[in-house]
Asker: 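Structure below; questions to follow.
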Amino acid sequence: MAIKTWRMIEIERKFLVRSSAYRGEALRKAYIAQGFLSTDPDRTVRVRIKDDKGVLTVKGRSNHAGTTRKEWEYEIPRKDAVAMLELCPVVIEKNRYEILVGPHLFEVDEFEGQNAGLVVAEVELSHEGEQFERPEWLGKEVTGQVRYYNAQLALAPYSTWEKGDQ
């Protein structure tokens, strides 16, 4: 198996979703199971199975705005990802929809389990000031709000939030 690796600066914006209209626009839907080997904000380490592929991701601390951070991803054998998930105290499960809006790909995650009811959209950008079309289903921006980071959802699931905080 050829192992793919890449390093990049991740620039993304994150939003809540206000309707399920994105489903009809989706190019693809994938099931994801992921866990965190480290939730330290300086070095988050995530293992993920997306469909049949294993991926190990290391992310650095986000900038002050929460839009930019260093990221390294490594494709790993699925069996290794399964074994690593067993080391994780919590496994987050979600369905991801990919939607093309103009030239931008939005990823909409519908969480399951203890995070059920939370639906978040992310769009990756080439630079922080890049403009993008906002589809009608896109809701409130939550970029930089740490509680919406997947690593934090593993520690403090959506179902434990106060109703006014949701």
Side-chain angles (χ1 to χ4, degrees), residues 4 10 12-62 66-67 69 71-101 104-124 135-166:
K4 299 176 191 171
E10 176 185 58
E12 71 180 13
R13 307 256 306 265
K14 190 177 291 222
F15 300 84
L16 297 178
V17 175
R18 59 175 157 210
S19 83
S20 60
Y22 60 87
R23 289 182 185 164
E25 303 170 22
L27 303 171
R28 181 174 188 257
K29 177 183 175 186
Y31 170 77
I32 295 173
Q34 66 185 26
F36 293 87
L37 299 169
S38 171
T39 56
D40 183 314
D42 288 325
R43 64 194 75 69
T44 302
V45 181
R46 176 186 73 207
V47 61
R48 170 183 281 175
I49 297 172
K50 181 177 179 184
D51 293 331
D52 290 329
K53 295 190 189 270
V55 178
L56 186 67
T57 305
V58 178
K59 294 185 180 197
R61 182 178 287 276
S62 294
T67 55
R69 61 182 165 179
E71 177 181 88
W72 295 264
E73 286 197 346
Y74 303 90
E75 187 174 320
I76 61 174
R78 186 181 191 285
K79 66 178 179 51
D80 291 352
V82 168
M84 288 182 203
L85 278 175
E86 292 175 4
L87 300 175
C88 300
V90 175
V91 175
I92 292 177
E93 296 178 273
K94 58 189 178 180
N95 286 297
R96 171 167 288 170
Y97 295 81
E98 295 178 355
I99 302 100
L100 193 60
V101 179
H104 293 98
L105 185 68
F106 281 80
E107 295 175 331
V108 176
D109 290 341
E110 293 179 349
F111 290 86
E112 298 180 355
Q114 288 196 305
N115 289 297
L118 180 61
V119 182
V120 177
E122 295 178 350
V123 61
E124 288 200 15
E136 57 87 14
W137 42 262
L138 203 63
K140 175 184 166 189
E141 183 164 7
V142 293
T143 301
Q145 293 184 33
V146 175
R147 70 182 322 160
Y148 291 99
Y149 291 5
N150 283 262
Q152 290 303 308
L153 291 171
L155 300 172
Y158 184 68
S159 62
T160 66
W161 297 7
E162 294 290 324
K163 286 293 178 197
D165 292 340
Q166 295 182 350

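Predicted model only: the values in this text are computed from it and were never measured. Position 1 is the first residue of the sequence; numbering continues from there.
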Asker: Identify the two heavy atoms, one from G66 and one from T143, that lie closest to each other, and give their separation to 0.1 Å.
Answerer: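 Closest approach of G66 to T143: O-CG2, 3.8 Å.
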
Asker: How far apart are the closest heavy atoms of L153 and R147, and which atoms are they?
Answerer: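 Distance-wise, the nearest heavy atoms are CD2-O, 3.5 Å.
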
Asker: Excluding sequence neighbours, so at least two apart, what forms salt bridge (Lys or Arg N to Asp or Glu O under 4.0 Å) with E107?
Answerer: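 Salt bridge (Lys or Arg N to Asp or Glu O under 4.0 Å) check on E107 returns R96.
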
Asker: Would you say the side-chain atoms of N115 pair up with the backbone N or O of Y158, donor to acceptor, closer than 3.5 Å?
Answerer: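 Yes: the side chain of N115 pairs with the backbone of Y158.
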
Asker: How long is the gap from CZ on F36 to CG on L85, to the nearest 0.5 Å?
Answerer: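 It comes to 10.5 Å.
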
Asker: Is there side-chain contact between K29 and N95, with at least one heavy-atom pair below 4.5 Å?
Answerer: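 They are in side-chain contact.
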
Asker: For R43, is there any backbone N or O sitting under 3.5 Å from a side-chain donor or acceptor partner on S38?
Answerer: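 Here the side-chain-to-backbone pair exists.
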
Asker: Compare every heavy atom of A81 with every heavy atom of R48, then report the nearest pair and how far apart it is.
Answerer: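 Heavy atoms of R48 and A81 come nearest at O-CB, 4.0 Å.
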
Asker: Rounded to the nearest 0.5 Å, what's the gap from CD on E112 to NZ on K94? Could you check?
Answerer: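 Answer rounded to 0.5 Å: 11.0 Å.
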
Asker: Do Y149 and S62 have side-chain N/O donor and acceptor atoms under 3.5 Å apart?
Answerer: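 Judged by distance alone, the side chains do pair up.
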
Asker: Can you sort out the partners of F111 under ring pair (Phe, Tyr, Trp, His ring centres under 6.0 Å), two or more places apart, ordered by chain and number?
Answerer: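 For F111, no residue satisfies ring pair (Phe, Tyr, Trp, His ring centres under 6.0 Å) once neighbours in sequence are set aside.
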
Asker: Report yes if the side chains of V45 and L56 come closer than 4.5 Å at any heavy-atom pair, otherwise no.
Answerer: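 Yes, close enough: below the 4.5 Å cut-off.
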
Asker: Would a distance-only check, ignoring hydrogens and angles, find a side-chain to backbone donor-acceptor pair under 3.5 Å from T160 to P157?
Answerer: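 Side chain of T160 to backbone of P157: a pair is present.
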
Asker: To the nearest 0.5 Å, how far apart are CD in Q145 and NZ in K140?
Answerer: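 Taking CD in Q145 and NZ in K140, the distance rounds to 5.0 Å.
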
Asker: With sequence neighbours left out, write down each residue that passes salt bridge (Lys or Arg N to Asp or Glu O under 4.0 Å) with E93, or none if nothing qualifies.
Answerer: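 By the salt bridge (Lys or Arg N to Asp or Glu O under 4.0 Å) rule, E93 matches no residue at all.
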
Asker: Not counting sequence neighbours, which residues clear salt bridge (Lys or Arg N to Asp or Glu O under 4.0 Å) with R28? List them please.
Answerer: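 Partners of R28 by the salt bridge (Lys or Arg N to Asp or Glu O under 4.0 Å) criterion, ordered by chain and then number, come out as D51, E98.
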
Asker: Looking only at non-hydrogen atoms, find the nearest pair between A26 and I99 and report the distance.
Answerer: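 Closest pair (atom of A26, atom of I99, distance): CA-CG1, 3.9 Å.
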
Asker: For E12, give me all partners under side chain to side chain contact (heavy atoms under 4.5 Å, CB included), at least two apart in sequence or on another chain.
Answerer: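 Checked E12 against side chain to side chain contact (heavy atoms under 4.5 Å, CB included); matches are E10, K14, E122, E124.
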
Asker: Kindly say whether A156 contributes a backbone atom to a donor-acceptor pair with the side chain of W161 at under 3.5 angstrom?
Answerer: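 The answer is yes, because a donor-acceptor pair under 3.5 Å joins these two groups.
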
Asker: Before accepting this row, confirm whether a basic side-chain N of the pair E141/R13 lies closer than 4.0 Å to the acidic partner's carboxylate O.
Answerer: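 Salt bridge flag = yes for R13 with E141.
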
Asker: Looking at CG of N150 and CG of L155, how far apart are the two atoms once the value is rounded to the nearest 0.5 Å?
Answerer: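 Answer for the CG-CG pair, N150 versus L155, is 11.0 Å.
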
Asker: As an exercise, state the distance from OG1 of T57 to CZ of R46, rounded to the nearest 0.5 Å.
Answerer: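 Atom-to-atom, T57:OG1 and R46:CZ are 4.0 Å apart.
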
Asker: Any side-chain heavy-atom pair from V120 and L118 closer than 4.5 angstrom?
Answerer: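 A side-chain contact under 4.5 Å exists here.
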
Asker: Which residues satisfy the salt bridge (Lys or Arg N to Asp or Glu O under 4.0 Å) test with D80, sequence neighbours excluded?
Answerer: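 Applying salt bridge (Lys or Arg N to Asp or Glu O under 4.0 Å) to D80 gives none.
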
Asker: Taking the six-membered ring where the residue is Trp, are the ring centres of Y97 and W137 under 6.0 Å apart?
Answerer: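 Judged by ring-centre distance (under 6.0 Å), Y97 and W137 do not meet the cut-off.
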
Asker: Rounded to the nearest 0.5 Å, how far apart are CG of L16 and CG of L138?
Answerer: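 Going from CG on L16 over to CG on L138, the span is 9.0 Å.
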
Asker: Ignoring hydrogens and geometry beyond distance, is a side-chain donor-acceptor pair present between E136 and Y22 at under 3.5 Å?
Answerer: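 No, because no side-chain N or O of E136 sits under 3.5 Å from a partner of the opposite role on Y22.
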
